[in-house]
J.: 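Dumping the structure here so I can ask a few things about it.
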Amino acid sequence: MAFDLPKLPFAENALEPYISAQTIQFHYGKHHRTYVENLNKLIHETAFDKMSLVQIIQETAGKAEYAPIFNNAAQAFNHEFFWNCMVPEGSAPQGEIKEKINRYFGSYDKFCEEFQNAAVSQFGSGWAWLVEDKSGKLSVIKTSNADTPVAHGLKPIVCVDVWEHAYYLDYQNRRVDFVNTFITHLMKF
Ligand code: MN
């Protein structure tokens with residue numbers, strides 16, 4: 001079974017002026033597509049062929065011999081998740097998730113500060129995440145390269161991609177501007 005490139009949940013230009021259509025064309029149309037295509041080639045006629053993305057990630061995590069499969073499966077998962085973390089003009093947490101953010105971070109502003117810090121301080125390529133552990137506790141983490149919370153038994157709630165390909169066309173080296181814009185104008189709960 002081959003994986004399909006999932007449809008974007010918004011039009012290519014829907015996040016302008018914060019993320020340009022050109023960035024989405026490269027990031028979704030080239031980078032995300034390549035992860036899915038590479039994964040399909042790597043798992044063709046292997047035991048991974050019948051597994052879900054999350055199963056493949058969990059089966060290959062931490063095993064050097066499966067690093068190419070893990071990296072492409074994790075990036076396929078992370079990107080599909082990331083597109084669903086954005087909406088034009090963003091949306092603030094409501095109801096249960098709002099209460100949990102207040103409980104674990106003190107306030108939404110404190111959460112944003114911690115999330116911003118994780119995203120800006122990730123050295124090199126990676127991701128920042130709001131995650132929930134098996135006990136229901138929320139925390140902010142950062143992961144390097146393709147690494148993903150689902151490889152560590154954590155449930156992702158929201159994430160931002162801080163690989164340079166996520167922002168370089170629009171923000172060049174200014175990751176902090178991209179992250180602040182994501183938090184203020186795009187992040188979806
Ligand atoms: Mn990316």
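Please read these numbers as outputs of a predicted model, since none were measured by experiment. Side chains included, hydrogens not; waters and symmetry mates left out as well; all remaining heavy atoms used. All residue numbers refer to positions in the sequence shown, counting from 1. Each ligand, and each atom within it, is numbered from 1 in the order the structure gives.
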J.: Among residues at least two apart in sequence or on other chains, which ones pass ring-ring contact (aromatic ring centres under 6.0 Å, His included) with Phe3?
T.: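 Phe3 satisfies ring-ring contact (aromatic ring centres under 6.0 Å, His included) with no other residue.
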J.: Sort by chain and number the protein N/O/S atoms found under 2.8 Å from the Mn ion (ligand 1).
T.: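 Listed by chain and number, the atoms are His27 NE2, His79 NE2, Asp161 OD2, His165 NE2.
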J.: Determine which pairs satisfy ring-ring contact (aromatic ring centres under 6.0 Å, His included) with at least one residue from residues 55-76, sequence neighbours left out, and list them in order.
T.: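 As it turns out, the ring-ring contact (aromatic ring centres under 6.0 Å, His included) pairs with a partner in residues 55-76, which skip direct neighbours, are Phe48-Tyr66.
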J.: For the residue pair Tyr35 and Trp163, categorise the inter-ring angle as parallel (less than 30°), tilted (30 to 60°) or perpendicular (more than 60°).
T.: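 Ring orientation, 0 to 90° scale: perpendicular.
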J.: Can you list everything that forms a side chain to side chain contact (heavy atoms under 4.5 Å, CB included) with Glu37? Sequence neighbours excluded, please.
T.: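 Counting only residues at least two positions away or on another chain, Glu37 forms a side chain to side chain contact (heavy atoms under 4.5 Å, CB included) with Arg33.
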J.: Which residue in the set Gln75, His32, His31, His79 passes side-chain hydrogen bond (donor to acceptor under 3.5 Å, both in side chains) when paired with Asp161?
T.: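 Passing option: His79.
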J.: Could you tell me whether the side chain of Arg175 and the main chain of Ala119 form a donor-acceptor pair under 3.5 Å?
T.: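 Here the side-chain-to-backbone pair exists.
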